[in-house]
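The structure under discussion appears below in the form of structure tokens.
Read the numbers this way: they start at 1 and go in the same order the structure lists the ligands and their atoms.
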Amino acid sequence: MRIGISCYPTWGGSGVVATELAMALASGGDEVHVISYALPTRLQLADPRLFFHEVVVPHYPLFEYPPYSLALASKMAEIARHQHLDLLHVHYAVPNAVSAILARQIVAPLRLPVITTLHGTDVTLVGNDPSYLETTRWAVVASDAVTAVSEWLRRSTCEQLGVSERPIEVIPNFIEPERFERVRSGAGARRWAQPGEKVLVHISNFRPVKRVMDVVEIFLRLRHEHPVRLLLVGDGPDRAHAEQRCRAEGCCDRVTFLGNLQPVEEVLAGADLFLLPSENESFGLAALEALACEVPVIASRAGGLPEVIEDGATGLLYDVGDVVGMARGAAGLLADPVRHRAFALRARRSAVENFSEHRIVARYRELYERVLAGASPAPPRG
Ligand code: GMT
């Protein structure tokens, strides 16, 4: 199959999922063309069946806002035509799905089915904004198939975009178990820790939705009960606030800001707990990566997180903002090595059994085949 995949290249979960999917499909024998405005962070082009096409957005003095969506649609149409794509799979609806539907119309009468994968904020924060609602809804309804990364996101899409007539298939995020197995014998998170310290890890883009200040609050409460170290991976708008808070509390010697460090498993392996107190999370790929590394997760009971973390078995879930509960739960787990070990083992087992790459990639591929066979219900084209 010849597959076009479009995504954001930066430090977001949607780009990571798209990139891992592209690499897995290529290593399984498909020809994959990744289309984005920069090389996605995790994309390794060592596979001869994997190609990258950069979307260049020319600047012109008239454009206060250069029209990326149009440059993207043009690139998609060009690649579809010249590389003989069988289909386009776009990750994150805004504007990728809109550009893809446009490209489909441009290349007609060539057939170019569009599969849209919704990742979360493209529906819950951006796509439902009045400025984008009409085009997002239009592109979702016009796609030949739509997937969402959790059952919660599927429901939210129907409610928030008002697209209940649109069948949406739930295909969750995935991990490659071996990737997380390989780091087990290394120093992992302990590189940054003093002997005897328990290591807490948080990984995100430090946007307000991640509630990074709650991460710091949990740590501040825990440090009175255990020698703990907090490792913060990623960067974004709330990093400076978190740094300020740590300075004000005089705890900088116990908190390490690692920035956009990759690969994340080098920080997760050997950690004691992963913290993800997000306001909302359609899935929580970082939590899944932690589980795959035998790290139990303390998280909020928000969005799709309960579909990833089994409360009381692989992690502990609390109401959004309940930093007291989260700190108490974390302290309890850290104080009980037998219970902690049981959580860690179940975490890895759940990640491998429910979210292994080979199973999830096979589901995407089955969907592609169904769409190409015309079997996936698609609405009439506009
Ligand atoms: O987490 C982010 O804000 C980035 C965002 C993205 O689209 O890149 O992540 C979303 O997609 C990930 C991959 O499907 C999910 O695991 C994240 O839960 C989701 N983020 C939110 O819903 C806030």
Enumerate the atoms of ligand 1 whose separation from the nearest heavy atom of V149 is less than 4.0 angstrom.
-> 14 (O)

Measure the distances from the heavy atoms of K210 to every atom of ligand 1 and state whether one is below 4.0 angstrom.
-> yes

Atoms in ligand 1 with a heavy atom of N280 nearer than 4.0 Å = 23 (C)

Can you sort out which atoms of ligand 1 are near R207, meaning under 4.0 Å from one of its heavy atoms?
-> 3 (O)

Identity of the nearest option to atom 19 (C) of ligand 1, non-hydrogen atoms only, from S278, S282, S156, G236 = S282

Where's the contact between Y8 and ligand 1, heavy-atom distance under 4.0 Å: side chain, backbone, both or neither?
-> neither

Same apolar cluster (I L V M F W Y, side chains within < 4.5 Å links), V163/L118 | yes

Any salt bridge between R190 and E197, counting N to O under 4.0 Å?
-> no

Output yes when a side-chain donor or acceptor of S6 lies under 3.5 Å from a complementary backbone atom of V90, and no otherwise.
-> no

Would you mind finding which of L285, N205, V123, L288 brings a heavy atom closest to atom 2 (C) of ligand 1?
-> N205

Please step through salt bridge (charged side-chain N to carboxylate O under 4.0 Å, His left out) for the pair E217 and R245, ending with a clear verdict.
-> CA-CA 9 Å; E217 286 308 320; R245 179 90 171 102; 2.7 Å; yes

Just how far is it from atom CG of L268 to atom CZ of F274, taken to the nearest 0.5 Å?
-> 6.5 Å

Kindly confirm or rule out an N or O of G15 lying under 3.5 angstrom from an N or O of ligand 1.
-> no

Go through ligand 1 atom by atom and flag the ones less than 4.0 Å from a non-hydrogen atom of G284.
-> 15 (C), 16 (O), 17 (C), 18 (O)

Polar-atom distance check: V209 versus ligand 1, any N or O pair below 3.5 Å?
-> no

Mind checking whether N173 contacts ligand 1 via backbone (N, CA, C, O), side chain (CB onward), both or neither, at a 4.0 Å heavy-atom cut-off?
-> side chain

Close-contact set for ligand 1 against Y92 heavy atoms, below 4.0 Å = 7 (O)

Parallel under 30°, tilted from 30 to 60°, perpendicular over 60°: which one fits the rings of F283 and F355?
-> perpendicular

Do L220 and V215 belong together in a cluster built from hydrophobic side chains that touch within less than 4.5 Å?
-> yes

Going by distance only, is there an N or O of F283 that falls short of 3.5 Å from an N or O of ligand 1?
-> yes

Pair L85-V107, side chain to side chain contact (heavy atoms under 4.5 Å, CB included): steps then yes or no | CA-CA 11 Å; L85 295 186; V107 300; over 6 Å; no

Take T117 and H89 through the test side-chain hydrogen bond (donor to acceptor under 3.5 Å, both in side chains) and record every step on the way to the result.
-> CA-CA 7 Å; T117 289; H89 184 180; 2.7 Å; yes

